[in-house]
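Below: one structure, written as structure tokens.
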Number of protein chains: 2
Amino acid sequence: MNLKQLAHMLALSQTTVSRALNGYPEVNEETRRRVMDAAKRHGYRPNPSARRLATGKSGMIGYVLPTGAAVDIDPHFVEFLSGLGDYARAHELDLVLSPADADDQETTYRRIVANRQVDAVYISSPRPVDRRVALVNTLGIPFIVHGRSEGSGFDYPYLDIDNEGAFHEAARLLVQLGHRRLALINGDDRETFAIHRERGMRRALAASGLTLDDRHVSSVVMTEENGYRAARRLLEQDDAPTAIACSSLIMALGVVRAARDLGLSIPGDISLIAHDDVFPWLKPENFSVPLSTTRSSIRLAGARVAERLAARISGLEEGARGEVWPVDLVVRGSVAGAPG
Amino acid sequence: MNLKQLAHMLALSQTTVSRALNGYPEVNEETRRRVMDAAKRHGYRPNPSARRLATGKSGMIGYVLPTGAAVDIDPHFVEFLSGLGDYARAHELDLVLSPADADDQETTYRRIVANRQVDAVYISSPRPVDRRVALVNTLGIPFIVHGRSEGSGFDYPYLDIDNEGAFHEAARLLVQLGHRRLALINGDDRETFAIHRERGMRRALAASGLTLDDRHVSSVVMTEENGYRAARRLLEQDDAPTAIACSSLIMALGVVRAARDLGLSIPGDISLIAHDDVFPWLKPENFSVPLSTTRSSIRLAGARVAERLAARISGLEEGARGEVWPVDLVVRGSVAGAPG
DNA sequence: AGAGTCTTCCAAAGCGCTTTGGCTTTCCCG
DNA sequence: CGGGAAAGCCAAAGCGCTTTGGAAGACTCT
């Protein structure tokens, strides 16, 4: 059943039927009702390919997926996706993932924009002066950045959590508990979130006249193994830290294992706080010692990004609106006063 | 730059240019070269929307993503996706994720097929007599099932690993080591993979005149917490098992924690084997006691599914070809002879 | 009553590609 | 040398929608 048939059946022109269906004002309400009715009864659904060719709109949102033998997709992605899906489902939006060589995403962005494959895109894991952000900005496709880029010299729409504030609070708590030597096991410090977290910690320490020793900072891909290695390295130093802030639960698993291997107790010998993106399959309260966390649901962020993307597509949202979500500090058993 | 302009520029008809570009035989090789050349020089790329409307082919593969507030996307998905992306990138295939109400995926399948949004789909986590498989089969869109459905009374193309064989081998090893009371902490037993794993274990036990006590089988969503709970329940029974097979690394984390909480040593008191889908961020060799596993890379499976999907789209693969991959049994420190 | 303004609808021109059906031209062979 | 086949090209008809540029009729106002 296509438009032509439906129009014929109603003894109307395709124009009128199309307009009735799409809510244009220049059609009699009575006629509109008839059309809507017939459309529903016959299960008419406009052909998206045709609509797309005519309008240039696809009804999909895009994401350029960096891939490659050496590239691992972050498990956070799947939770973000859950949230995105929650919203998208309710609005019949599809998501298209365009795999791209991690080292050359530009080609892919250009392709999906030139081809009008998607109406909007989102960008995740941005870095300062991120080329992708500058690119989609000039390309003129609606977009939202999940996270922040910095120092590019222009504004853009984003959704981020207050990473700096979160780690500031975490560090402040640790300092209040008497810790003087703090450590940070961070994610890839080329990404903004990691920079913000480090900045937050340093600021909290500075407020008490303390500093974050460079030897007490690790920046690694967030795997269990890297968490373990970083923790061992830290804890085997002569001036070992008494408290560790860690950028992910998965790394925290490694930290806990390292402490156990070294015969150190949490929180007796070292306090531990990690950032929790809220995975359903790994919960901080279930760590052998319940883990204190800075918590922010990445799933909710996914839903919100989808919502704002939809708003941008339909013109409801404009401009470079930035949105920063506060982060909860949840104190559990893994932090205690500094030893000694 | 569109076809019309390019044709005009070459003083050829659109027909000829189109055919030259698409490799049709009825065009002079010399002409073809000229066309190809001009196309490349001017960076001509056929508009996919137009091509799509004309041919009905979209150049994308689809996946219906079950979503909902209570639905968690499995973290395995992201690894599968990595593999799929690896292949898809090299072939400029995009993946479209269509979020659907987990309880009504049929509507979405019908929509994406009716709309010709994708050229092929894959189905994951199938159950016996899976309605989705029957549906896409009758809908007539090329597809591949990742996993197996059973008892539907028709054949279909799939890629699966030998779950039954894997758990058969795992159980056999444990029995050889003197274990008599084995337990299974399985995934959702409405899914085929879980059924196969249980079957494999039972078969191995039966071969030695043993059985798998129903009280020694758990079927749960594969989270750390569920692994912990299941393990505690098992290990606190009077006839507690001396060996556990576990369907995922994440659950195994919970099992290890439970053992520790109960003061049981691995492998001194209980042996543990888990299935490993090969995550980059959580490795069995890094468990406090290196974990024995049945191993199969889900990432490679993703790449293979993409490859076969592409082959089906282009007509290179036909029929109901099933493909079953063997699974490695990797023995590490977490298994030992039965205590006593 | 005539002019102007809405309201409501329509025919037809795109959107940019593929593909059908045919038309020349060349080539081969009896 | 004439007829048939093959090669190489083209015009035009889709694909199914949106949107432009009217047009007809109803209504208002002077």
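Residue numbers start from 1 in every chain, and the chains themselves are labelled A, B, ... in the order their sequence lines are given, proteins ahead of strands.
- Between B:Tyr44 and C:dC17 there is a side-chain polar atom (N or O) within less than 4.0 angstrom of OP1 or OP2.
- Protein atom CE of B:Met1 is 13 Å distant from nucleotide atom C1' of C:dG16, rounded to whole Å.
- Among the nucleotides C:dG16, D:dG16, D:dT19, the one closest to any side-chain atom of A:Ala54 is D:dG16.
- For the pair A:Asn115 CG and C:dC17 P, the computed distance is 10 Å after rounding to whole Å.
- Considering only side-chain N and O atoms, A:Thr16 lies nowhere under 4.0 angstrom from the phosphate OP1 or OP2 of C:dT8.
- Across C:dT20, D:dT18, D:dG16, the shortest atom-to-atom separation from the side chain of A:Asn47 is found for D:dG16.
- Taking 3.5 Å as the limit, the base of C:dT18 and the side chain of B:Thr15 contain no donor-acceptor pair of atoms between them.
- Between A:Ser18 and D:dT18 there is a side-chain N or O to OP1 or OP2 distance below 4.0 Å.
- Applying the 4.0 Å criterion to OP1 and OP2 of D:dC9, one finds that B:Tyr24 has every side-chain N and O outside that range.
- Look at CG on B:Leu10: it is 10 Å from P on D:dC10, rounded to the nearest Å.
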- Task: Begin with the C-alpha distance, continue with both residues' side-chain angles, and end with the deciding distance and a verdict on side-chain contact (heavy atoms from CB on, under 4.5 Å) for A:Arg33 and A:Met36.
- Result: CA-CA 5 Å; A:Arg33 225 185 318 277; A:Met36 293 281 216; 5.7 Å; no
- Message: One pair to check against side-chain hydrogen bond (donor to acceptor under 3.5 Å, both in side chains): A:Thr67 and B:Arg89. What are the steps and the verdict?
- Response: CA-CA 8 Å; A:Thr67 57; B:Arg89 168 173 48 83; 2.7 Å; yes
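- Across the protein-nucleic acid pair, B:Arg32 atom CZ and D:dG8 atom P stand 10 Å apart, rounded to whole Å.
- Between A:Gln14 and B:Val27, the residue anchored nearer the 5' end of DNA chain D, judged by the nucleotide with its closest heavy atom, is B:Val27.
- Side-chain atoms of B:Arg32 come within 3.5 Å of backbone atoms of B:Ala20 as a donor-acceptor pair (strictly under, hydrogens ignored).
- The distance from atom CD of B:Glu26 to atom C1' of C:dC23 is 14 Å, rounded to the nearest whole Å.
- Side-chain contact, B:Ser149 with B:Tyr158: no donor N or O sits under 3.5 Å from an acceptor N or O.
- Backbone-only engagement by B:Ala11 is indicated by non-hydrogen atom pairs under 4.0 Å involving sugar-phosphate atoms exclusively.
- Using a 3.5 Å distance cut-off with no hydrogens or angles, the side chains of B:Asn22 and B:Arg51 do pair a donor with an acceptor.
- A:Thr31 comes within 4.0 angstrom of sugar-phosphate atoms only, judged by non-hydrogen atoms across all strands, and of no base.
- Straight-line distance from the CG atom of B:Leu53 to the C1' atom of C:dC17: 8 Å, rounded to whole Å.
- With rounding to whole Å, A:Asn28 atom CG is found 5 Å from C:dC9 atom P.
- Rounded to whole Å, atom P of D:dG14 lies 13 Å from atom CG of A:Asn2.
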